[in-house]
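See structure below.
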Amino acid sequence: MALRKIELLRRCGGHISVVAESLHADVQALLDAGAIDLIAGPYTPELLAEVSLVVAATDDQELNRRAAADCRARRIPVNVVDDPEACSFITPSIVDRSPVLIAISSGGSAPVLARTLRTQLESDIPASYGRLAELAAAYRPRVKTAIPQMSQRRHFWESVFDGAVAEHMFAGRRDLAEEALEAKLADIEAGREVLPGGEVYLVGGGPGDPDLLTFRALRLMQKADVVLYDRLVSREVLDLVRRDAEHINVGKRRSDHTVPQEDINQLLVRLAKEGKRVLRLKGGDPFIFGRGGEEIETLAAAGVPFQVVPGITAASGCAAYAGIPLTHRDHAQSCRFVTGHQKDGELDLNWQELAAPNQTVVFYMGRLSLPIICEQLMAHGLPADYPIALVEEGTRPTQKVICGTLADINGKLDPEEAPRATLVIVGTVVRLRDKLDWFRGKEEV
Ligand code: SAH
């Protein structure tokens, strides 16, 4: 035990004295080699006068504890082997890629588990990580001067650790790694390379279930410096955004007004111009009733680069999770996505077309307009018993599906209930839900 601790401490460069009446052969060898000192004889508290750290590693628990108590009284950090309670510090399992050091501790509860984890990390992390960190350390001051802005500096280092420099290092070619880093930095210093500026990622976050994100969405979410999100983005999806990113809620109802669209557009431009990677995270798909078009128009006009990442729109997500196919050979040869949002108190839609047979009509933002929708569809020829379904908070654990007819659906709603994101699906495909019986376990009315 003592030997292991000695080896650990030696690596940190401390001056080590061993207090012992007799020595293990390997410890004796260290003594002979001049690596440690020996204080031959029994332990006494007086020995603590000049030390800055103590490890009690005898096989006498009572003695160990006494030594630990003496240390505590003198405020000297003490570790007692195999006795976590008596320790004022512990020595975790470590993966040593100095100067990079990973410490794993189970807080004394399962040291073997910590060691198992260490073995996994040992094989996952290239030995040259340490040398890569040393190289970075040598260049840090210069990079700081050449790239004063912090977010840009972070992007620079990311490209170093993720690109050719790191690859050369992992291949054992420090010379090439240094050359590549030198060239990159010289370009920046001479103004030949324009630093990567800000960018906007317009990302569809899907209807709520985080499993419905695309890989690309997730990748960009983890790169963002700042995220602007609104009400429809679920907590679980938001949790996957890079932790350190600044979070701005632009959907918060301030005295019943969300942040005006024009302000959001301007904010996107401003943040990107500060050199930031701006994530504009939207519910569903950004181009389906998401005002994504308006946002990129402003970005394009301001010369800010952007990417658009599609998401699963509420209609697809809700239909799949509610067991309602949006099209079907025998029922619907087309599917329409329509907004139920009223403008100046009116819902100006082509009802004649929406009431045509053999199609599915999906209303977004249709909850408040539901009475008008049902009334108009019946007035334009659909029968009173025509099927309709509401999917509330689709794809989330709180999803609720309410099925009915144009005549009776309004009566099935609880007027007291706080409004939830609701999708309205009108069409005979709704009837397939019972037949297909895909869907169990979710609450249903
Ligand atoms: N861009 C989004 C739609 C934004 S409009 C998309 O592609 O899904 C907002 C409307 O979307 C809500 O009023 C509601 O009708 C619908 N919606 C979004 N997420 C929903 C969900 N999880 N469950 C039910 N409806 C949802």
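Whatever order the structure lists them in is the order used to number ligands and atoms, beginning at 1. These figures come from a predicted structure and were not determined experimentally.
Below 4.0 Å from some heavy atom of Val391 lie the following atoms of ligand 1, by number and element: 24 (C). Atoms of ligand 1 found under 4.0 Å from any heavy atom of Ile288, numbered from 1 in the order shown, are 1 (N), 2 (C), 3 (C), 6 (C), 7 (O). Taking every non-hydrogen atom of Leu232 and a distance limit under 4.0 Å, the qualifying atoms of ligand 1 come out as 4 (C), 9 (C), 18 (C), 19 (N). Within the listing of ligand 1, atoms 22 (N) sit less than 4.0 angstrom from a heavy atom of Pro207. Distances below 4.0 Å separate heavy atoms of Tyr364 from the following atoms of ligand 1: 3 (C), 6 (C), 8 (O), 11 (O), 15 (O), 16 (C). Every atom of ligand 1 is numbered from 1 in the order shown, and the set under 4.0 Å from a heavy atom of Thr313 is 6 (C), 7 (O), 8 (O). The ligand atoms of ligand 1 that sit less than 4.0 angstrom from a heavy atom of Glu393 are 22 (N), 23 (N), 24 (C).
Nearest protein heavy-atom neighbour of atom 23 (N) of ligand 1: Gly394 N, 2.8 Å. Looking only at heavy atoms of the protein, atom 4 (C) of ligand 1 is closest to Phe289 O, 3.3 Å.
Considering backbone and side-chain atoms alike, Asp285 places an N or O below 3.5 Å from some N or O of ligand 1. Taking distance alone, with nitrogen or oxygen atoms compared against 3.5 Å, Met365 approaches ligand 1 more closely than that limit.
When the heavy-atom distances from atom 24 (C) of ligand 1 to Gly317, Ala421, Gly284 are ranked, the shortest goes to Ala421. In this comparison of Pro419, Gly311, Gly206, Ala314, the heavy atom closest to atom 18 (C) of ligand 1 sits on Ala314. Distances from atom 2 (C) of ligand 1 to the heavy atoms of Gly283, Pro310, Gly340, Pro286 put Gly283 nearest.
The heavy-atom pair separating Leu413 from Leu390 by the smallest distance is CD2-CD1, 3.6 Å.
Ring-centre distance between Tyr364 and Phe337: below the 6.0 Å cut-off.
Within 6.0 Å of CD on Glu417 lie more than 12 heavy atoms contributed by other residues, nucleotides or ligands. When the shell of 6.0 Å around CZ of Arg10 is examined, it contains 12 or fewer heavy atoms from other residues, nucleotides or ligands. Around CG of Asp82, the count of heavy atoms belonging to other residues, nucleotides or ligands within 6.0 Å does not exceed 12. Annotation for Tyr129: atom OH does not count as buried by contact number, only 12 or fewer foreign heavy atoms lying within 6.0 Å.
A distance of 8.5 Å separates CG of Leu53 from SG of Cys71, quoted to the nearest 0.5 Å.
Note on ring orientation: taking the six-membered ring where Trp is involved, the planes of Tyr229 and His247 are perpendicular (angle over 60°, cut-offs 30° and 60°). Taking the six-membered ring where the residue is Trp, His328 and His331 present perpendicular rings, their angle passing 60° and hence far from 30°.
Side-chain contact, Gln261 with Asn265: a donor N or O sits under 3.5 Å from an acceptor N or O.
Under 4.0 angstrom from ligand 1, the non-hydrogen atoms of Thr422 all belong to its backbone.
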